[in-house]
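First listed ligand is number 1; within each ligand, the first listed atom is number 1.
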Amino acid sequence: MVTEPQMTEWWRSAVFYQIYPRSWADSNGDGIGDFDGMTDRLGYLRDVLRVDAVWVSPFYPSPQADFGYDVSDYCDVDPMFGDLAAFDRFLSAAHDLDLKVVVDWVPNHTSNQHPWFSDGDKRDWYVWRNGSELPNNWKSVFGGPAWSRGPDGDAWYLHSFLPEQPDLNWRNPAVESAMFETLEFWLDRGVDGFRIDVAHRCMKDPLLRDNPPAVEPATGYKINPEYAAFEHIHDLAHPDIHGLFRRIRTLVDSYPGDKVLIGEIHEYDWRVWASYYGRDLDELHLPFNFSLLPAGVDPDAIMRAIEGLEAAIPTGAWPNWVLGNHDEPRIATRLGHEQSKAAAVLLLTLRGTPTIYYGDELGFPEAQIGTAAVRDPWGLRMPGFGRDGCRTPMQWDAGPNAGFAPPEAEPWLPVGHHAQSVATQLSRPDSHLNLYRRLLDVRRAAPALMEGSVRLLSQWGRPNPLTFERWFGDDRVVVVANLSEEPVTTDLAGTVLAGTDPHRWDSRLEGSTMLAPWEAVVLS
Ligand code: GLC
Ligand code: CA
C-alpha cells in the first residue's frame, strides 16, 4: 500500500470540476449555457470553490442527438456555445486564473451528420456489414440492436449508442490519423488534456463475434436489462486498445506542459482497470475509477474499493475518484442528502485525484422531469432511463432562473425545485458548498491528503465507522466516517480539520466521541 509520492505533474494534486456546458451559465438568453457565460463565472471556480482544473463536456458542432456526444465537426465550436474565439477567451481566462482546462474527446463515434459518414470514399471509416440478417447480437447501450440499415437500405452500420452515432472503424489507419489531427488541433490551441469518451470501446473484435450471455446479468438502478444480458467481451475493450492508447499518449507527450489523458473506462475488475495505465505507465494517466458509484455508502463496499484499488494500481501510477457525472443520477438522491455529505468527505480525502460534477458541490438532488419535458434521447427511447435529472441548470443565486440565464430566458431544462444556489449556500454554515470549500482548503494545506499514502484502520474489526489514515512524512490525517443510520463511537483523538458537522470544525475530539448518523470527520 505504500507508494512513492511523485507529485511533479499538476494533475496528481489537482481537483477537477466537470462542467456540462449546456447547463452552467447562459450569457445570451437562449436558455443554453455557453462559453461567454462560462468565462464570466470562472471566478467561482478559482475563488469560491477553489478547484484546479475543469473538464468541459462536448461543445463541438453537433445535431445534439446525444447533446454533443454526436460530433459533426471535431475542430470547431457549436454556434450555440459560441465560436472558436469565445473558446480561446475562455481558455486564456482560465489559464490567467491558474485553472487547467481539459476537453472531452469523442473518438468511438461521430454524428451521422459528420461529412465523413456520407462520403462514399470513406465508407471504410465506419463499420459496415452486408446481409439480410443483423451482423451479430451486439446491443446498443441506449436500447435495441447496435446495427441500423444505412441510408440506401442495403447494408448495416454499427452504432454502440444511438443510430445517429455511427462507430468509427479505428482499424483503418486513415481514421487514426484524421482523429489524431483533431487532438493536435486542440493541443495547439493550448488545452491541458482530454477526457476520452467511452475510451476502451474504440477497439472491438475484428471478427465481430457474438457476445456470450452474461453469467450474472448486472442489476441495479438504470441498467438496461437487454444490454446487461450479455458479457461484453467482443463489442469493446479488444486488447488492441492498448496500442492505440500508447500512440495517443505519445502524441500528447510530444507537447510540453504535462498534458493529461483521462479515460472513461467503465471497468470494475481491478486488474483490467489498472491495465489502462499501461504496462510502462505509457497509456492513460487517469482511467476513471467509478468504484464509488456502485459502492454507495456501504462501508464494506467502500473498504473493498480502497483495498482493490490500492492492491491493483501499478507503482508510480496515481489513483482518482468520482461520485457522479452527467450520466449518473445525482448523488444526493442516490445516497441521500446527509449521506452525500459523508461521500464528499471521502471523495476529497481518499488517495488520488477527485473530480466533482457541477451541482454536486451544492448537493443538487436528481430533478424530477415530467414525461413531456424529457430531453435525453436515452429517456425518450427507454422511459425511465433519462439523464435529464442530473443535467439541470446550475443555480447561482435566488433570482429568476437562479442566475443561470437572463430572467426572460427559458432554460433548456427546468431549473429544478431545489433553491440550492451558490449565494444561498454561502450564507449557510452547514451547506454542501461550505463543506466542499472547507474540505478543499484542508486538502490543499495537508501534504498527507494531497500526496500521502493511505491505510485502512478498522476499529474493533468492524467496517463502520469507516476509518483510514493518510500520511506523508510527519503529516498525518485520519478520516472517520459513520456510514450508518445509528450513532457510533470513535476513540480517536485529534483536531477536527473538517467534517460534515461544521460545529466540530477546529474543535478537539478526545477519548470516546459519539458520531451522529452519516457524520464524517477529518482529524489531524
Ligand atoms: C459516454 C458519455 C455519455 C454519452 C455516451 C455516448 O458514456 O458520458 O454521455 O451518451 O458516452 O457518447
Ligand atoms: Ca446561451
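- Among protein heavy atoms, atom 1 (C) of ligand 1 sits closest to Asp197 OD1, 2.8 Å.
- Looking at Asp34 and the Ca ion (ligand 2) together, the shortest N, O or S contact belongs to OD2.
- Of all protein heavy atoms, the one lying nearest to atom 5 (C) of ligand 1 is Phe161 CE2, 3.8 Å.
- At the top of the distance list for atom 7 (O) of ligand 1, counting protein heavy atoms only, stands Glu264 OE2, 2.9 Å.
- Of all the heavy atoms of Tyr20, none lies under 4.0 Å from any atom of ligand 1, so neither backbone nor side chain is involved.
- Side-chain contact of Ser23 with Trp412: a donor-acceptor pair under 3.5 Å is present, judged by distance alone.
- Among the atoms of Met80, no N, O or S atom is found under 3.0 Å from the Ca ion (ligand 2).
- Close contacts of ligand 1 with His109, meaning ligand atoms under 4.0 Å from a residue heavy atom, involve 6 (C), 12 (O).
- Judged purely by distance below 3.5 Å, without hydrogens or angles, the side chains of Asp124 and Asn169 pair a donor atom with an acceptor atom.
- Shortest contact from atom 8 (O) of ligand 1 to any protein heavy atom: Asp327 OD2, 2.5 Å.
- Between Arg330 and Asp360 a salt bridge is recorded (basic side-chain N to carboxylate O distance below 4.0 Å).
- Note on Asp30: counted as a metal contact of the Ca ion (ligand 2), an N/O/S atom lying under 3.0 Å.
- Between Leu97 and Leu45, every side-chain heavy-atom pair lies at or beyond the 4.5 Å cut-off.
- If you number the atoms of ligand 1 from 1 as listed, the ones under 4.0 Å from a heavy atom of Val198 come out as 1 (C), 7 (O), 11 (O).
- Residue contact annotation: Gly29 places no N/O/S atom under 3.0 Å from the Ca ion (ligand 2).
- Atom CD of Glu408 has more than 12 neighbouring heavy atoms from other residues, nucleotides or ligands inside a 6.0 Å radius.
- Remark: the His159 side chain and the Tyr157 side chain contain no N/O donor-acceptor pair separated by less than 3.5 Å.
- Partner of His326 under the ring-ring contact (aromatic ring centres under 6.0 Å, His included) criterion, chosen from Trp378, Tyr358, Tyr69: Tyr69.
- Side-chain contact, Asn325 with Tyr20: no donor N or O sits under 3.5 Å from an acceptor N or O.
- The atom of Asp26 nearest to the Ca ion (ligand 2) is OD1, with the search restricted to N, O or S atoms.
- For ligand 1, the atoms closer than 4.0 angstrom to any heavy atom of Arg391 are 9 (O).
- Using a 4.0 angstrom heavy-atom cutoff, Trp378 does not count as in contact with ligand 1.
- With ligand atoms numbered from 1 in the order given, ligand 1 contributes 3 (C), 4 (C), 9 (O), 10 (O) to contacts under 4.0 Å with heavy atoms of Arg387.
- In this model, no donor atom of one side chain and acceptor atom of the other lie less than 3.5 Å apart for Tyr357 and Glu328.
- The atoms of ligand 1 that sit less than 4.0 Å from any heavy atom of Asp66 are 4 (C), 5 (C), 6 (C), 10 (O), 12 (O).
- Under 4.0 angstrom from ligand 1, there are no non-hydrogen atoms of His159.
- Side-chain atoms of Trp11 and Thr353 include no donor-acceptor pair closer than 3.5 Å.
- You'll find the side chain of Leu362 reaches within 4.5 Å of the side chain of Met394, heavy atoms only.
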